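First the structure, in the form of structure tokens, and then the observations on it.
Each ligand, and each atom within it, is numbered from 1 in the order the structure gives. Bear in mind that the values here come from a model prediction, so they are computed numbers and not experimental data.
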Amino acid sequence: MEKDILKILISEEEIRQRVKELGTEITEDYKNRDLMIIGVLKGCMVFLSDLVREIKLPLIMDFMVVSSYGSSTKSSGVVRIIKDLEQDIMDKDVLIIEDIVDSGLTLSYLIEILKSRNPRSVKVCSLLDKPERRKSSVSIDYTGYRIPNEFVVGYGLDFDEVYRNLPYVCVLKPEIYEK
Ligand code: IMP
Ligand code: MG
């Protein structure tokens with residue numbers, strides 16, 4: 001896998017530090033609230049598992065699977081729920097955990113669906129933000145890193161389902177994306 005990497009954008013150590021900071025911030029903000037962490041699979045899984053261990057509060061976790069991309073690197077604009085939540089979110093303080101907000105289409109659709117179920121609040125925490133590519137205006141309450149308009153993998157993010165287990169965020173060599 002390492003031979004496919006062009007450059008590392010965010011190192012393991014930088015991620016560890018930032019995740020700790022986000023966890024501390026969320027812990028402060030959600031004291032005495034009814035925190036429900038909602039992970040958007042599969043991209044969130046590595047980030048989420050590190051982040052929840054930095055949140056020093058009781059919380060519930062649930063997961064959704066939505067499709068927005070297929071296997072290409074461009075958004076289709078079509079979002080579909082493949083797996084819905086198992087828990088009721090009524091009166092809960094929902095915090096959606098995302099790997100990356102790119103066009104924002106996936107997220108704005110998700111927020112709309114979740115709000116219709118009457119939670120007490122809905123906020124968003126995303127490891128990465130690619131603001132240049134935004135098509136739908138969504139506000140991210142907790143952002144790990146803003147990155148330029150480049151397709152990245154690692155720390156949960158994939159290209160064609162591969163590279164999710166790389167411990168850092170990186171850009172692949174152009175010939176890999178062209179395959
Ligand atoms: P959006 O709907 O365009 O915001 O895209 C959301 C989803 O697209 C993310 O949750 C990722 O799964 C995927 N995605 C967007 N940009 C990247 C990237 O640079 N690398 C890997 N996946 C990406
Ligand atoms: Mg995703």
Side-chain angles (χ1 to χ4, degrees), residues 1-12 14-15 18-19 22 36-52 61-85 94-116 122-179:
M1 266 190 314
E2 276 75 15
K3 69 176 183 349
D4 300 344
I5 296 167
L6 180 68
K7 61 176 177 200
I8 293 178
L9 222 57
I10 311 166
S11 72
E12 239 181 303
E14 286 174 299
I15 294 173
R18 189 68 189 118
V19 169
L22 290 171
M36 177 146 173
I37 297 283
I38 295 184
V40 185
L41 294 172
K42 298 171 233 177
C44 76
M45 56 170 287
V46 180
F47 175 46
L48 186 147
S49 72
D50 283 342
L51 180 66
V52 290
M61 286 179 242
D62 205 344
F63 298 90
M64 286 179 98
V65 179
V66 299
S67 85
S68 60
Y69 266 45
S71 65
S72 90
T73 57
K74 288 203 183 79
S75 181
S76 61
V78 178
V79 182
R80 211 153 45 94
I81 295 189
I82 312 286
K83 182 209 169 287
D84 206 338
L85 299 172
V94 167
L95 183 59
I96 302 171
I97 311 294
E98 268 280 16
D99 51 355
I100 187 165
V101 181
D102 188 25
S103 71
L105 293 170
T106 312
L107 193 57
S108 56
Y109 173 82
L110 250 186
I111 291 171
E112 211 172 289
I113 292 178
L114 294 178
K115 279 190 170 161
S116 74
V122 179
K123 285 193 175 183
V124 177
C125 173
S126 183
L127 173 70
L128 303 174
D129 179 14
K130 248 193 241 179
E132 281 172 54
R133 300 243 312 165
R134 204 71 92 250
K135 280 191 201 135
S136 171
S137 71
V138 279
S139 73
I140 308 175
D141 302 281
Y142 305 93
T143 305
Y145 289 93
R146 285 211 174 81
I147 60 164
N149 183 13
E150 276 184 292
F151 195 85
V152 294
V153 299
Y155 202 68
L157 292 112
D158 72 303
F159 173 61
D160 252 348
E161 293 301 326
V162 190
Y163 306 104
R164 292 191 198 273
N165 57 326
L166 289 171
Y168 36 72
V169 173
C170 62
V171 179
L172 298 176
K173 291 177 182 160
E175 62 261 34
I176 307 293
Y177 300 123
E178 283 153 14
K179 261 185 212 160

*For ligand 1, which atoms sit closer than 4.0 Å to a heavy atom of D158?*
21 (C)

*Within the structure, does V101 bring an N/O atom to less than 3.5 angstrom of an N/O atom in ligand 1?*
no

*Are any of the heavy atoms in G43 under 4.0 Å away from ligand 1?*
no

*Run the numbers for me: atoms of ligand 1, each under 4.0 Å from some heavy atom of E150, listed by number.*
19 (O)

*Any idea how Y155 and F47 line up, ring-wise: parallel (<30°), tilted (30 to 60°), or perpendicular (>60°)?*
tilted

*asked:* If I compare all heavy atoms of V122 with all of K115, which pair ends up nearest, and what's the gap?
replied: CG2-CG, 3.9 Å

*asked:* Within ligand 1, which atoms have a heavy atom of E98 less than 4.0 Å away?
replied: 10 (O)

*Considering all heavy atoms of both residues, which atom of R18 and which atom of T143 are nearest to each other, and what is their separation?*
NH2-O, 2.9 Å

*Give the single entry among S67, S108, G104 that approaches atom 4 (O) of ligand 1 most closely by any heavy atom.*
G104

*Looking at K130, which atoms of ligand 1 are within less than 4.0 Å of one of its heavy atoms?*
16 (N), 17 (C), 18 (C), 19 (O)

_Nearest-0.5 Å distance, CG of residue L127 to OH of residue Y145_ = 8.5 Å

*Is it the side chain (CB and beyond), the backbone, both or neither of L157 that lies under 4.0 Å from ligand 1, heavy atoms counted?*
side chain

_Quick check: V152 and ligand 1, any N/O pair under 3.5 Å apart?_
yes

*Output the list of atoms in ligand 1 that are nearer than 4.0 Å to some heavy atom of S103, sorted by atom number.*
1 (P), 2 (O), 3 (O), 4 (O)

_L172 versus I176, closest heavy-atom pair with distance_ = CD1-CG2, 3.8 Å

_Could you measure the distance from the CE atom of M64 to the SG atom of C44? Nearest 0.5 Å is fine._
11.5 Å

*Say whether, by atom type as modelled, one donor and one acceptor occur between the side chain of K130 and the main chain of S103 under 3.5 angstrom.*
no

_To check you understand the geometry: which heavy-atom pair defines the closest contact between V138 and V101, and what is its length?_
CG2-CG1, 4.0 Å

_Using heavy-atom distances only, which candidate in V66, T106, D99 approaches atom 10 (O) of ligand 1 most closely?_
D99

